[in-house]
Each structure stands twice: as structure tokens, then as C-alpha cells.
Amino acid sequence: MLKEGANVVAGAGGGSTGIVLETSAEDWRSQYEIKVSGVLNTVKPAVKELLKAEAPRIVIINGITANIPDSHMAAVSASRAAVKQVAYMLAQALAPEICVNTINLGAIDTDRQLARYKKSQSLLSFKAWKEEEAKRRGIPFGRLGRAEEVIPVVLLLLSPLSSYITGSSVDIDGGLNIYWK
């Protein structure tokens with residue numbers, strides 16, 4: 001029989017725009033603090049309790065820019081890449097007691113996309129704007145992802161069914177990764 005364990009899901013979103021040479025030192029610090037320190041500040045205090053549990057899991061929610069840097073989001077991309085490396089180091093440090101895996105999200109249809117749409121003051125409908133956004137980003141599936149496409153992957157990585165998976169990174173990005181690997 002599969003037994004449930006203690007789990008932690010960590011991650012931090014938000015972002016800023018700016019190319020590498022025009023991004024302020026404060027923005028670089030802020031993005032690192034939000035993303036890397038945010039993950040570590042969630043995971044580190046939980047490890048002691050996780051080690052007492054049966055089949056503990058950590059899933060870190062990251063962004064696809066960890067693998068596919070966006071030159072217009074330099075500090076975000078670099079911070080996401082740092083989160084990816086921290087996740088690998090956590091997986092090494094905590095194996096075999098705790099499985100640690102990462103999910104790298106692409107463009108997901110959330111309230112954040114709705115806010116971007118409103119801020120853009122586009123004359124397109126929200127649906128048409130999302131289609132254009134997917135095309136602009138070069139998403140092979142031609143659409144944004146949905147939360148219900150992310151949740152099962154998180155649940156799988158938190159379940160005992162993933163007891164031999166650690167240090168892995170799953171891209172949920174509509175196929176963007178196929179051009180970068």
C-alpha cells in the first residue's frame with residue numbers, strides 16, 4: 001500500500017523587464033531575493049519535519065526562463081536559472097530521504113495574464129490577445145497553458161508514485177523546450 005508523506009511546494013512568481021545591461025542592481029537583487037531566497041526560506045525550515053515523515057517530497061515551481069532565457073527579462077531569467085541550480089543541489093543534499101523536483105512553467109492562463117492584457121489596453125478580445133501572445137512567444141501548441149494541466153504533474157511529483165524521481169525538472173510550456181534542448 002502506498003503511504004502519503006509530508007510535502008512542500010515552493011516557488012515565487014512575479015517579474016520585471018529589462019535587458020541585461022539596462023537592469024538596475026536593485027532589480028537584480030530583488031529578483032534573486034524573491035525567487036532564490038523565497039524558495040530557500042520555504043524549504044529550509046521544513047526539512048527537519050520532512051525528514052521525520054514517510055515519503056517526503058519537495059516540488060519547486062519555477063519558470064521556463066530557467067532553461068530558455070528571455071533577453072527582455074534578464075534578472076528574472078538569471079534568477080530562475082539560479083533556482084534550477086538550487087533545486088539540483090537540494091536534491092543531492094537530501095537524497096535518498098527526500099525527493100526534490102522542479103516544474104518549469106511557461107505561459108499559463110492566470111489572473112496575471114489577464115492583468116497583462118488589461119495593462120496592454122489592447123483592442124483585441126482577451127481570447128484573441130491570448131492567441132496573439134502564444135504566437136508572439138512562439139509556443140508550438142499555439143495557446144497558453146491551463147492550471148488544470150499543471151496540477152496533475154505537481155500531484156504526481158508529490159505522490160509515492162514518484163519515489164524514484166529526484167533532481168528532475170519538468171517543463172510545462174506548450175513545447176517551447178523542444179527548440180532549446
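When reading the values below, keep in mind they use all heavy atoms of this one structure, side chains included, and skip hydrogens, waters and symmetry mates.
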Task: Connected via hydrophobic side-chain network under 4.5 Å: Ile172 and Ile165 - done: yes
Task: Working for salt bridge (Lys or Arg N to Asp or Glu O under 4.0 Å), residues Glu133 and Arg137 - done: CA-CA 6 Å; Glu133 184 67 8; Arg137 291 180 183 218; 2.7 Å; yes
Open item on the list: side-chain contact (heavy atoms from CB on, under 4.5 Å), that's the test. Do Asp173 and Asn104 meet it? Break it down for me.
Closed with: CA-CA 8 Å; Asp173 63 2; Asn104 298 309; over 6 Å; no
Open item on the list: Within the structure provided, determine whether Lys135 and Glu131 are in side-chain contact (heavy-atom separation under 4.5 Å).
Closed with: no
TODO: Determine whether Asn101 and Ile60 make a side-chain contact, defined as any pair of heavy atoms from C-beta on separated by less than 4.5 Å.
DONE: no
Task: Nearest-0.5 Å distance that lies between atom CG in Asp109 and atom CD in Glu149 - done: 10.0 Å
Task: Student check: side-chain heavy atoms of Ile178 and Pro140 closer than 4.5 Å - done: yes
Open item on the list: In the structure I gave you, are the side-chain heavy atoms of Leu161 and Leu156 within less than 4.5 Å of one another anywhere?
Closed with: yes
Task: Val20 and Trp28, any side-chain heavy atoms less than 4.5 Å apart - done: yes
- [ ] Give a yes or no on whether Phe126 atom CZ has more than 12 heavy-atom contacts from other residues, nucleotides or ligands under 6.0 Å away.
- [x] yes
TODO: Answer with yes or no whether the side chains of Thr65 and Asp70 bring together a donor and an acceptor at under 3.5 Å.
DONE: no
- [ ] Please say which of Ile98, Leu50, Leu158 ends up in a side chain to side chain contact (heavy atoms under 4.5 Å, CB included) with Val8.
- [x] Leu50
Task: Separation of Ser77 OG from Gln31 CD (nearest 0.5 Å) - done: 9.5 Å
TODO: Nearest 0.5 Å please: distance from the CG atom of Leu124 over to the NZ atom of Lys130.
DONE: 12.5 Å
- [ ] Taking the side chain as every heavy atom from C-beta outward, state whether Asp171 and Asn67 have any pair of such atoms under 4.5 Å apart.
- [x] yes
Task: Backbone N/O of Thr23 and side chain of Asp27: donor-acceptor pair under 3.5 Å - done: no
- [ ] Specify the closest pair of heavy atoms between Pro152 and Glu148, including all atoms of both residues, with the distance to one decimal.
- [x] CD-O, 3.1 Å
TODO: Give a yes or no answer on whether the side chain of Thr102 reaches the backbone of Ser169 with a donor-acceptor pair at less than 3.5 Å.
DONE: no
Task: hydrophobic_cluster_shared for Val39 and Val170, side chain cutoff 4.5 Å - done: no
Task: ILVMFWY cluster, Val76 and Tyr32 together (side-chain gap under 4.5 Å) - done: no
Task: Over all atoms of both residues, closest heavy-atom pair of Ile139 and Ala107 - done: CD1-CB, 4.1 Å
Task: Shortest non-hydrogen separation from Cys99 to Ser163 and the atoms involved - done: SG-O, 3.9 Å
Open item on the list: Measuring from atom OG of Ser16 to atom NE2 of His72, what distance do you get when rounded to the nearest 0.5 angstrom?
Closed with: 13.5 Å
Task: Shared hydrophobic cluster, Phe141 / Leu176 (ILVMFWY, side-chain heavy atoms < 4.5 Å) - done: yes
TODO: Kindly work out whether a path of hydrophobic side-chain contacts (I/L/V/M/F/W/Y, heavy atoms less than 4.5 Å apart) joins Val36 to Leu105.
DONE: no
Task: Donor-acceptor contact present, side-chain Thr42 to main-chain Gly38, <3.5 Å - done: yes
TODO: Check for a donor-acceptor pair, side chain of Thr17 on one end and backbone N or O of Met73 on the other, with a separation under 3.5 Å.
DONE: no
TODO: To the nearest 0.5 angstrom, please state how far the CH2 atom of Trp129 sits from the CG atom of Leu123.
DONE: 14.0 Å
TODO: Could you tell me which non-hydrogen atom of Gly13 sits nearest to which non-hydrogen atom of Lys35, and how far apart they are?
DONE: O-NZ, 3.7 Å
Task: Where Thr166 and Ala91 come nearest, the two heavy atoms and their spacing - done: OG1-CB, 3.8 Å
TODO: Flag the pair Arg57 / Ser162 as yes when at least one side-chain heavy-atom distance between them is below 4.5 Å, and no otherwise.
DONE: yes
Task: Pairwise distance OG(Ser24) to CZ(Arg29) - rounded to 0.5 angstrom - done: 7.5 Å
Task: Test log, rule side-chain contact (heavy atoms from CB on, under 4.5 Å), inputs Ile61 and Val154 - done: CA-CA 9 Å; Ile61 307 297; Val154 174; 4.0 Å; yes
Task: Non-hydrogen side-chain atoms of Ile108 and Arg146 separated by less than 4.5 Å - done: no
TODO: State, without any angle test, whether Asn62 and Arg80 hold a side-chain donor-acceptor pair at a distance under 3.5 Å.
DONE: yes
